[in-house]
Colleague: 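Structure in structure tokens, see below.
Just so you know, ligand 1 is whichever comes first in the structure, and atom 1 is the first atom listed for that ligand.
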Amino acid sequence: MTKAHILNTYARFDITLTHGEGCLVYDDQEKEYIDFVSGVAVNCLGHSHPAIAKVLEEQSRKLLHVSNLYWNEKQMALAEQLCSLSDMSGAFFCNSGTEAVEAALKFARKHGKVKGGEEKCGIVYMDNSFHGRTLGALSVTGQKKYQKDYTPLLPGVQSAIFNDAESLKQVVNENTCAVIVEPVQGEGGVVNADPAFLQEARALCDRYDALLIFDEVQCGVGRLGSVFAYQRFGVKPDIVCLAKGLGGGFPIGAAVAGAKAAEVISYGDHGSTFGGNLLACSVALVVLEELLQKGVLDNVNAMNLYFAGKLESLKSKHAASVVSIQGMGLLLGLRLSVDPKAFINQCIEKGLLLVGAGTDVVRLLPPLNIEPQYIDKAVQIMDEVLEALA
Ligand SMILES: *Cc1c(COP(=O)(O)O)cnc(C)c1O
């Protein structure tokens, strides 16, 4: 097997993973790892989950795909459930996070034109945000390293400082059609939004009839201990973007829209060939069932307390190396003063998969059904590595 024909878009760890079960994965040398990356918040039920395997097999024997020229029952059921859980009006299905963001941006532009004419097209995004790699989503991703080689980007976009209400007030006006924000910035360093900041964003969007878009691609679908991340902040957006965890490892994205956005959307406004196919929606329905009926959401809240307590002890023990504990639910992070790359590499060496965020944060993203014994093991490995790096 050769690596030569994969384009160089990723700096990969030199590991080839072949199988897994629960929070454990194995490479082609049969080395075992505890997986606290979960495919970057995707494998929310761990690997080889029996309910996912079962639904994939059953659905694949009936219909995989029919296109959106026709109705399909699984898509209707998933949309109905997402809307009833959020009191939203309708869902648009796609295949990834960046596509969910693209859909939200297009819906907001449409809403702006219908309500305020050609001029009402401005989109406000946050510094240090991450919304995806396609050109629209990239245009509202507040990190120069991702944008620099792809200019010119989308016109009409402007940034504000995350968690700084004054800076938001300066850029939102009658020509704004959308404000897009992550309730917890994932890629940018696991930084929680201040609820007061989100409230201010909500108030500004109401004042200027702009749509508030929450990108919950990473922090949604149970990651924070509620189905939708916004439910932890008491601020409701007009559109919520989902992907990553929604399919538990199967690609699916969704833009779930409230009444304001839904009423301006009509035939032909947007589309996706694969979006909402039967296989993807069947798996997503299983994920929601596990979260709500099989106790996985409760587990997130219990394991947050357990894990956060262990991390506090780790921080006290290694006060010179651990600067802070970041995040909420099971989207946690350690801000380090030692080299995060060395920390991650040594953890991997000892059988714990971790991934960085921002410049100095290590993300901790176990599957949502993680058991305490694996948190213990992970913390023990991190303890040893911090000892070695001190
Ligand atoms: C990962 C991520 C995206 C992009 O998702 P893709 O599926 O990689 O396109 C968008 N927004 C946030 C917050 C993310 O974490």
Colleague: Where the side chain of Thr141 meets the backbone of His131, is there a donor-acceptor pair that is under 3.5 Å apart?
Modeller: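 Indeed, once roles are kept as given, a pair shorter than 3.5 Å links the two residues.
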
Colleague: Is the backbone of Val264 close enough, under 3.5 Å, to the side chain of Lys110 for a donor and an acceptor to pair up by distance?
Modeller: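 Side chain of Lys110 to backbone of Val264, a donor-acceptor pair under 3.5 Å: yes, one is there.
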
Colleague: Report the distance from atom SG of Cys241 to atom CD of Glu102, rounding to the nearest 0.5 Å.
Modeller: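 The CD atom of Glu102 is 10.0 Å from SG of Cys241, to the nearest 0.5 Å.
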
Colleague: Is the distance between the ring centroids of Tyr33 and Phe13 under 6.0 Å?
Modeller: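 No.
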
Colleague: Take atom OH in Tyr26; do more than 12 heavy atoms of anything else shown fall under 6.0 Å from it?
Modeller: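 Counting other residues, nucleotides and ligands, OH of Tyr26 exceeds 12 neighbours.
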
Colleague: Show the protein residues that qualify under the rule heavy atom under 4.0 Å from an atom of ligand 1, listing them in chain and number order.
Modeller: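 The 4.0 Å shell around ligand 1 contains Ser96, Gly97, Thr98, Phe130, His131, Gly132, Glu182, Asp215, Val217, Gln218, Lys244.
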
Colleague: Do Thr98 side-chain atoms and Arg133 backbone N/O form a donor-acceptor pair below 3.5 Å?
Modeller: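 Yes, because the side chain of Thr98 sits within donor-acceptor range (under 3.5 Å) of the backbone of Arg133.
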
